[in-house]
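Lettering follows sequence order; numbering is per chain, from 1.
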Protein chains: 2
Amino acid sequence: MTDSVLLDPVDLEILRLLQNDARTTYRDLAAAVGVAPSTCLDRVARLRRSGVILGHELRLDAARLGRGLQALLLVQVRPHRRELIDPFVDRIRGLPESRALFHLTGPDDYLVHVAVTDTADLQRLVLDEFTSRREVARVETRLIFQQWECGPLLPPQRPSAAVTRDA
Amino acid sequence: MTDSVLLDPVDLEILRLLQNDARTTYRDLAAAVGVAPSTCLDRVARLRRSGVILGHELRLDAARLGRGLQALLLVQVRPHRRELIDPFVDRIRGLPESRALFHLTGPDDYLVHVAVTDTADLQRLVLDEFTSRREVARVETRLIFQQWECGPLLPPQRPSAAVTRDA
DNA sequence: CATGAAAACTATACATA
DNA sequence: TATGTATAGTTTTCATG
């Protein structure tokens with residue numbers, strides 16, 4: 001499906017720095033990893049082409065945008081067949097309240113991360129966009145008290161391999 | 001806690017464009033929203049200062065980084081007291097496999113989004129980092145078949161208000 | 001607050017090793 | 001592949017409206 005890519009220590013350090021701040025200049029990147037700026041440019045372009053870097057994203061504060069309440073909705077879609085789930089996914093992805101959508105194993109078929117203004121808004125969303133749909137058999141709502149992004153996404157530590165080869 | 005911020009149509013359009021591609025230049029931004037590049041710079045700087053923009057992030061393909069399997073772990077932490085949950089949160093946030101962590105209402109206290117290499121790696125993670133911890137009463141593992149980011153995060157549509165005021 | 005012009009800095013292409 | 005340099009382009013500051 002998607003092939004894993006071989007990354008050397010320079011690539012890894014570049015990714016680590018860019019995950020910390022995606023607007024780090026190639027000059028700073030170069031200084032930090034010990035290669036020329038033009039080399040950094042090349043590396044990043046290659047990481048883009050190889051599909052490791054999917055894009056540059058803005059991280060926003062939902063609460064300051066008037067969406068102070070977030071929740072996870074566990075949804076059962078029955079019958080669980082393509083004719084029903086494909087339009088469901090399209091519809092949910094298009095909701096302005098949706099932040100992320102997961103298709104899962106287990107008793108609940110989908111998990112939807114939503115950001116709303118308040119509990120009244122959440123009630124409206126659940127009733128009008130979920131339980132009102134014929135294919136939605138059940139929705140379980142879990143409010144988010146607090147959430148954290150975790151450290152940078154890096155390849156698993158191999159016993160030794162590429163990560164320790166000399167530049 | 002966090003105050004909502006008043007945004008005019010120019011701010012909204014800038015946010016919309018930057019969420020689409022966080023590296024859009026101020027020149028292009030300016031052309032798209034109909035103000036001078038230096039004004040865009042000002043707007044973005046203000047959005048940063050006001051906390052609406054939290055940062056610029058790289059979106060990476062986990063599979064191509066050798067983490068082809070992702071899962072959501074529903075975790076019960078008992079007793080659910082600060083002395084136990086604070087170190088739990090710190091520890092989980094620090095795991096290289098963790099992508100995001102949510103503190104929730106409902107029967108499960110935490111939801112952890114993890115990215116691992118394969119099922120063996122996931123089993124190791126669950127056994128060594130979760131069920132082995134005294135405060136972890138239960139872990140339910142749900143594999144992720146597929147996931148989607150949803151549209152840009154924008155303020156809720158108000159009946160009319162700021163969004164339609166004349167520049 | 002917004003602007004345009006100038007200055008400083010960055011990204012990028014390319015010739016070369 | 002990496003580098004340094006040249007060029008084009010972008011960001012940023014600032015005086016002014």
* How would nucleotides 11-17 of chain C be written as a contact map, 5' to 3', with B for base contact, S for sugar-phosphate-only contact and - for no contact, using protein heavy atoms under 4.0 Å? -> SBB----

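- Salt bridge present: R124(B) and E97(B) bring a charged side-chain N and a carboxylate O closer than 4.0 Å.
- Sparse packing is recorded around CZ of R91(A), with 12 or fewer heavy atoms of other residues, nucleotides or ligands lying under 6.0 Å away.
- The shortest non-hydrogen separation linking P87(B) to R82(B) is CD-O, 3.9 Å.
- The side chain of R46(B) has dC1(C) as its nearest neighbour among dT3(C), dT3(D), dC1(C).
- dA8(C) atom P lies 18 Å from atom CG of D28(A), rounded to whole Å.
- In this structure, CG on L104(A) lies 8.5 Å from CG on L143(B), to the nearest 0.5 angstrom.
- Summarising the local packing, CD of Q146(A) is surrounded by more than 12 heavy atoms from other residues, nucleotides or ligands at distances under 6.0 Å.
- Just one of I92(B), L74(B), V77(B) meets the side chain to side chain contact (heavy atoms under 4.5 Å, CB included) condition when paired with Y110(B); it is V77(B).
- Checking the phosphate oxygens (OP1, OP2) of dA2(D), a side-chain nitrogen or oxygen of R43(A) falls inside 4.0 Å.
- Nucleotide dA2(C) holds its C1' atom 15 Å from the CG atom of L29(B), rounded to whole Å.
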